[in-house]
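Heads up, the thing below is written out as structure tokens.
For the numbers below, each heavy atom of this structure counts, side chains included, while hydrogens, waters and symmetry mates do not. Protein chains get the first letters and strands the later ones, always in sequence-line order, with residue 1 at the start of each.
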Amino acid sequence: MDDFVVALGGKTGNFQGQFDYVLTHSYGHILQLKEPQEMVGDDKKTRYSSWRSLKYFPWDEKDFSWAKKIVPGRMKTLKEIRDAAKDCDGIIIATDDDPSGEGDLLGWEIVNAIHWKKVVYRIRFEDQSPKSIIAAMRQMTDVTNQMEQGEYLEALARQRFDLLSMQLSRIAMIYAKKAGYRPKTMRIGRLKSAIVGLIFDRNTEIENYVKKPYFEVKFKDQNGNIFSRKFDPDKDKFRFAEIKGAKDDLANFASSSIVIDEKKLKKQTPPPLVDLGQIGILVGAKGYKDKEIIKTYQDMYQAQIVSYPRTEDTQVTLEQFNELLPLVDQIANVIGVDSKLLIRRKPRLKFITKQAAHGANRPGLKVPKSLEQLEKRFGKIGVEIYQVVAKSYLAMLAEDYVYEAQKAHLAKYPDFKSSIQLPKEMNYKLIFDDRDLSDEEEIEAHEFKDPAAPFVYEGANPKPGKPTKKFILNFLKKHNIGTGATRLQTLAEISSGKGSLASLYRGGYILNYEGQVQAILSKGSMIASPKITKRLFDGMDRVKRKELDYQLIPQSMQTIVRHDMPIFETNSTILDQNATLQKLASKHQTKTVSKKVASKDKVTGKFNGEEISFNQTWGGHKFTQQEVADLLEGKTITINYRSKRGAQKSVSGKLAKQSYKGRSFYGFKPEF
DNA sequence: GCAAGGTC
């Protein structure tokens, strides 16, 4: 709002002789949808509260009133807006121009909540400069008929779609329980499930990885540079599965001198400005938790030390660039960067955009006096954050990194080649080293040095990398899921609190019990596919353009649920086969009272000419189909079971008519 | 118990 006060000349006033205005502000979503069971009639409350029966799914979105309630703690803001609007003739919803319609949604939520019956206008600003704000004010549009406004409807559709996806958590829970598992909760949704699925797939690949070593002759020069041949598995025969082959091959080679083919000077421009996800990676590497990073960054933003956190922008406008330019020496001084490196005071085009609401994450207009002062106010983590943000920004003002690319081959064996990159001028890399953000390992480079000698090199098929924070954030970025901030936020949410699905272990995420159960259950489902977000966004775009009825988007959740339910069901039968889950399940038992409980599932069949049913599980052991058939035939079988004290034991027995508390039943009778 | 979106 401060930017509007500056642009329009006060908190109240007259806009260009056209109308009087009063400025007031909101704060994120002031309202949220009620719980499913709160949105339906009394006769349907049982159905929409239930976590017990599959017969209640899929939900019918037509049963919902889609009523909203005030977010706890936001009543004050709502009242302020209501009071400010009291004597006005119209309300202008003013937010940045974001394609998802979220600004329209949260604006309309407020307008509806205060029962506003007069005119509503909409403006969208490109950035928060006075020029852009005034330009936006001049392009006010009347949106009073909200059900005709595409941006509102697309966001409404998204919101309802996401809420309806809740039911998949209940469905997963029911299938989990039927299979004998007791997760505390399931958290299935298009974002969380995409991440959980990614972690699951990566870790499964790692578990299934079988190292296949190979051996071949390579050369090493006096500085350790390696010369090797290009390998084509269809043609070439110089790679051996056993070391002996390569050792024999070694006899065919002798030391050789090096011929340099090419020396070229190359330049590399500074990397794009960091987003909050990357800040999370870099600061997280120093041992701080994502949640702390997000919170501290938010606090620093409110103190204007850094710019707006939840930006979608990766560049800045020329105005934003020029605004910060007079402060760069001061910023450099605070973080101990030599101002002399900041040569490019005119921006490179790659960092500049015509349109940016908030601009990329960067230092704010208030420069801290010193790192000590920063630490006093925001802790050591604040210092780390500021350093990352400031260095990334200042690097943009430095000259390109210059290196010499050299290519060489061996004089005696021209097929053996090598290439190196020799740093010549570090320039921006003296300020900000982007190595930590890329997956490539940088090797210290040395000049080629004669002679190169042959040796037997041992390689292997590459082991899949762990699902690191970097890997997950890059994956989400690639699939256009969320902004840098929401990506980091979701990742933080997934690995903390009571609904925790995963945890960070030695740099990689591993799923815990709940995460593993839901990953297996939702494997191959639509809700867990990263494509679902793209499909949703495409649909929203069509709603915005009035090509699609917005109600069809929430309605499509019925199709998704119908499609996914049988997948969950099939997947629930293989929970028992997942070794990682079995390990987690045994830990889960010791931690909580709830555990892999004996399933009460019954099996039926003919026994002694009589149609009977009996429990499929005994002592934690679930009879296989073969065992069930054997039991029905009267055969004695031997099973492994869990004793009351938890020990694994073996026992033989057969099916028999028994009685318990005066009630007769058929069941497995052990022969102790 | 369950989503994803927003954060003066």
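Side-chain atoms of A/Lys45 come within 3.5 Å of backbone N or O of A/Val40 as a donor-acceptor pair.
You'll find that the side chain of A/Lys177 is closest to B/dG1, out of B/dG6, B/dA3, B/dG1. Minimum atom distance to the side chain of A/Leu191 is reached by B/dG5, of the listed B/dC2, B/dG6, B/dG5.
Whole-Å rounding puts the A/Ile174 CD1 to B/dG1 C1' distance at 12 Å. The CD1-P distance, from A/Ile527 to B/dA3, rounds to 10 Å in whole Å. Spacing between atom CD of A/Gln37 and atom C1' of B/dG1 amounts to 10 Å, rounded to whole angstrom units. In this structure, the CE atom of A/Met166 is 10 Å from the P atom of B/dG1, given to the nearest Å. Per the geometry, NZ belonging to A/Lys34 stands 24 Å off P belonging to B/dG5, to the nearest Å. Between the CD atom of A/Gln298 and the P atom of B/dG6 there is a distance of 13 Å, given to the nearest Å. To the nearest angstrom, C1' of B/dG6 lies 16 Å from CD1 of A/Ile70. Here B/dG1 presents its P atom at 16 Å from CZ of A/Arg182, a figure rounded to the nearest Å.
Residue-level contact check: A/Arg74 touches the bases, meaning some heavy atom is under 4.0 Å from a base atom. No contact: A/Met1 has no heavy atom under 4.0 Å from any strand.
Proximity of A/Met166 to A/Trp59: side-chain heavy atoms (C-beta onward) are separated by under 4.5 Å at one or more points. Inter-residue side-chain proximity for A/Ile110 and A/Trp116 is flagged as unmet; no heavy-atom pair is nearer than 4.5 Å.
Contact annotation: A/Arg190 side-chain N/O to B/dG5 OP1/OP2 distance is under 4.0 Å.
For the residue pair A/Tyr308 / A/Asn361, no side-chain donor-acceptor distance below 3.5 Å is found, with atom types taken as modelled.
We find that A/Lys131 and A/Glu319 are joined by a salt bridge, their nearest charged nitrogen and carboxylate oxygen being less than 4.0 Å apart.
Contacts of residues 303-310 of chain A with DNA chain B (heavy atom under 4.0 Å): A/Tyr308, A/Arg310. Residues from residues 529-562 of chain A placing a heavy atom under 4.0 Å of any atom in DNA chain B do not occur.
Position along DNA chain B of the nearest nucleotide to A/Ser100 versus A/Met173 favours A/Met173 as the more 5'-ward residue. Between A/Tyr27 and A/Leu163, the one whose closest nucleotide on DNA chain B sits nearer the 5' end is A/Leu163.
Counting non-hydrogen atoms of other residues, nucleotides and ligands closer than 6.0 Å to CZ of A/Arg47 gives a total above 12.
For A/Arg202 and A/Phe471, the positive end sits near the middle of the six-membered ring, less than 6.0 Å away and at most 45° from its axis. A/Tyr27 carries A/Arg74 over the face of its six-membered ring, with the cationic atom under 6.0 Å from the centre and within 45° of the normal.
Applying the side-chain hydrogen bond (donor to acceptor under 3.5 Å, both in side chains) rule to pairs touching residues 91-108 of chain A yields A/His29-A/Glu102, A/Thr95-A/Arg122, A/Asp96-A/His358, A/Asp98-A/Ser100, A/Glu102-A/Arg158, A/Asp104-A/Arg122, A/Asp104-A/Arg124, A/Asp104-A/Gln149, A/Trp108-A/Gln149, sequence neighbours excluded.
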Checklist entry - After noting the C-alpha distance and the side-chain angles of A/Asp20 and A/Thr12, does the key distance pass the side-chain hydrogen bond (donor to acceptor under 3.5 Å, both in side chains) rule? => result CA-CA 7 Å; A/Asp20 292 330; A/Thr12 61; over 6 Å; no
